[in-house]
Amino acid sequence: MSRLLENLNPEQLAAVTLPAQSGLILAGAGSGKTRVLTTRIAWLLQTGQVSQAGILAVTFTNKAAKEMLTRLGAMLPINTRGMWIGTFHGLCNRFLRAHYREAALPQTFQILDTADQLAAIKRLLKVLNVDDEKFPPRELQHFINGNKEAGFRPHAVEAWDDYTRRRVELYAEYDAQCQREGVCDFPELLLRAYELLERNEPIRRHYQARFRHLLVDEFQDTNRLQYLWLKLIAGHATPTPAAVFAVGDDDQSIYGFRGAEVGNMRDFEREFQVPAVIRLEQNYRSHGNILDAANAIIANNSKRLGKNLWTDQGSGEPIRVYEAVADLDEARWIVEEIQQLVREGAARSDIALLYRSNAQSRVLEHQLFSLGIPYRVYGGLRFFERQEIKHALAYLRLMANPDDDTAFVRVVNFPTRGIGARSLEQLQDAARTYNTSLYAAVSQLAGKPAQAIGAFIRLIEEMRLTTRELRLPEMVDHILDASGLRAHYKAEREGEERLANLDELINAATNFISEDSTPAEGEEVVAGDPLSRFLAHASLEAGEHQADAGQEAVQLMSVHAAKGLEFDVVFITGLEDGLFPHENSITELDGLEEERRLMYVAVTRARKRLYMSLAQSRMLHGQTRFAIKSRFFEEIPAELLKWLTPRVQQGFGAVHTPTRNEAYAGSRANAPRQANRDLGGFRIGQSVRHAKFGSGVIVSAEGSGADARVQVNFGAGVGMKLLALGVAKLEAE
DNA sequence: CAGCCTCACTTTTTT
DNA sequence: AGTGAGGCTG
């Protein structure tokens, strides 16, 4: 036991050994958050305060859940299977499978991922003859999920205008459709679980009595419904509530755009009567200068619980900043710098390139690729989201649940078997008339459509019969052939990769079987047949897109994707106003504060060395855009920054001689050119200063001489202005 | 009914 | 630039 608590600092120790009551741990970046969380669980078990079955731990990603299990396994010689550790959605799925009857779901209910949900909404609008111009499916999806995540069923939504009233009706229709088809979207898993607990007293009492310790990771990312669910399962209103141990960092809340409510932290502190918030402020990750920069940036936010990171490591190196003329030059410079670092002995996998939006990775990738530097990009298409995999899964879903219309529509004519829009329309009508699923409505059809679709039904039935005795991998193998998917992709020109992925699906099934059905001692069997469980797994765990992450390669990812990770060397790229902070964020409520937190996350990823870079011009959506440097530079104390490019009239900081004169000069030739005009000494792409609007960049020009007018981008906030050179007094900057 | 072409879209992302 | 969706033609 004592070994467990060794090497914890006083605050960490206080958190780990907190008495059995609710506690809020404000854990700064790099302060040992995961360690505290897992050590707390180990300590609770080892001191006999709770049994394994009494623990419920929630994370946001499967990766985090897995990591927690791994670390626990290393700390304690126990089987971790008795505990409920997983994501909100994973745990609710488990709960609903165990109580599917009480939840009014079919035993084989399927889970719709985001794309499936969108397809289901489109189908609904079509059936109901709703104009999808007036009610864009994406917007409706956002509306439905937003309400579900706030805990509102259609009847509870307040609608003051006709438009919203209609959306609420469609929300209700959508829910009815899902119920008919026996499917749940992501927020539905949570809402359904919540409602069941609320409504069913015996079940509620059972779980409230069972889970005595609830532990929540990344609490700042919880949405309203998740908070309510925690409150309920903790028995917050009962005489004997469970102890909730919440760990989070309000400064790292970067998912407000998808419904996370930082306010949950304050509410939690109040409603759960947290005696004292424990702050973990010692950072074990970054050198002093990096931390100082991060602290300085985040200090500009007004809505904070308050926290200041410190380190006992030295201040280390200054932050190196490079301003390139164009995105290509930025990429070139970064790659040169990486080559130098590698020559000096740095491991490529310890170097990360971060960007605000994924579109920025292209130039960087191109440059890395052409110089033969191994790299890995995070956050592309994930395995179970690939077209061919979704097709194969749709066949499996139909076998498990014929009422799943989303799956039906997806593959009824894929590979093509002569079933067109006309036939499908007739089928939709029949299904509507007899209030059945598409699958069941086929028997009502007559004529040609009946034949073609009837053959499809027989195909599915035949698959079900033949595979009834087969194990999951063999079942998958069989349907790949019987459906014609294999043949289809074999015939396709670029189909090799898709074929390989289909084979990989068989492997995934094999792995799933071996992991899923190891009957651990005393473990409750998760309800449902293997096929349904596999399909749920496929939806909930779309697949680690970083399959072989261990490779010795430079890491490329968005800042969002970098949360929770750390690297020796970090490059934050594209630090231009309008890109980072993103222009869309300026108009959003608290948008700039979230961008700042994003910047804070980016900076605190670095252990030893931090680079920041920007480009004066950048290709975006096929067009060259000009921008000025990010406003975040002004928020970092000048003495922490070392400009590697000359900053003329910077107004702060020293002017440094360019260390890469040749790169800078050489890139000039690549700067965008336009027809030569007389712009009174100004040129396109030039940085200028306006008395009222501040710093900007000349984006385009019209006319010449005395009539010349220029369009100037003053960055997010002020935006684009058209100025007559003869009138506006512009200064070169 | 199926393949081809044009058009609009494009922040961040997990489940 | 690259993609997905919808419309048109064979």
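Lettering follows sequence order; numbering is per chain, from 1. Quantities reported herein were computed from a predicted structural model and do not represent experimental measurements.
Of the candidate nucleotides B/dT15, B/dT13, B/dT11, B/dT13 has the atom nearest to the side chain of A/R258. Of the listed nucleotides (B/dT14, B/dT11, B/dT12), B/dT12 has the atom at the smallest distance from the side chain of A/F257. Comparing B/dT15, B/dT13, B/dA2 by their nearest atom to the side chain of A/T114 picks out B/dT15. Comparing atom distances between the A/A561 side chain and each of B/dT11, B/dT15, B/dT13 picks out B/dT13 as nearest.
Within 4.0 Å (heavy atoms only), A/D113 reaches no atom of the nucleic acid at all. Residue A/N413 is classed as a sugar-phosphate contact, given heavy-atom separations below 4.0 Å to backbone atoms only.
Residues A/N93 and A/R97 bring a donor and an acceptor atom of their side chains to less than 3.5 Å of each other. Neither side chain, A/Q252 nor A/Q220, offers a donor N or O lying under 3.5 Å from an acceptor on the other. In this model, no donor atom of one side chain and acceptor atom of the other lie less than 3.5 Å apart for A/Q110 and A/N401. There is no side-chain donor-acceptor pair under 3.5 Å between A/D405 and A/Q177.
Rounded to an integer number of Å, the gap from A/L125 CG to C/dA5 P is 15 Å. The interatomic distance linking A/Y255 (OH) with B/dT11 (C1') rounds to 12 Å, in whole Å. Rounding to whole angstrom units, CD of residue A/E149 and C1' of B/dT13 are separated by 12 Å. As rounded to whole Å, 8 Å separates atom C1' of B/dT12 from atom CD of A/E595. Atom-to-atom, CG of A/D185 to C1' of B/dT15 comes out at 11 Å; the value is rounded to the nearest Å. For A/H621 and C/dT3, the NE2 to P distance is 15 Å, given to the nearest whole Å. Atom CZ of A/F88 is separated from atom C1' of B/dT14 by 12 Å (rounded to the nearest Å). Residue A/E133 contributes atom CD, which lies 15 Å from atom P of C/dA5 at whole-angstrom precision.
Using a 5.5 Å limit on the distance between ring centres and a 30° limit on the angle between planes, the aromatic ring of A/H582 counts as stacked on the six-membered base ring of B/dT11.
Residue whose closest nucleotide on DNA chain B sits further toward the 5' end, between A/L540 and A/R417: A/R417. Heavy-atom nearest nucleotides on DNA chain B were determined for A/E594 and for A/G90, and the one closer to the 5' end corresponds to A/E594.
At B/dT15, one or more side-chain N or O atoms of A/N62 fall inside 4.0 Å of OP1 or OP2 (strictly under the cut-off). For B/dT15, one of the phosphate oxygens OP1 or OP2 lies less than 4.0 angstrom from a side-chain nitrogen or oxygen of A/R382. Taking 4.0 angstrom as the limit, A/N358 places a side-chain polar atom (N or O) nearer than this to OP1 or OP2 of B/dT12. Distances shorter than 4.0 Å separate none of the side-chain N or O atoms of A/S357 from OP1 or OP2 on B/dT10.
A heavy atom lying under 4.0 Å from DNA chain B marks the following residues of residues 421-428 of chain A, by number: A/A421, A/R422, A/S423.
Here the side chain of A/E576 pairs a donor or acceptor atom with the backbone of A/A615 at under 3.5 angstrom. Looking only at distances, no side-chain donor or acceptor of A/E594 sits under 3.5 Å from a matching main-chain atom of A/G591.
A/A294 and A/Y600 get closest at one heavy-atom pair: O-CD1, 3.4 Å.
By the 30° and 60° cut-offs, the orientation of the rings of A/Y255 relative to A/F257 is tilted.
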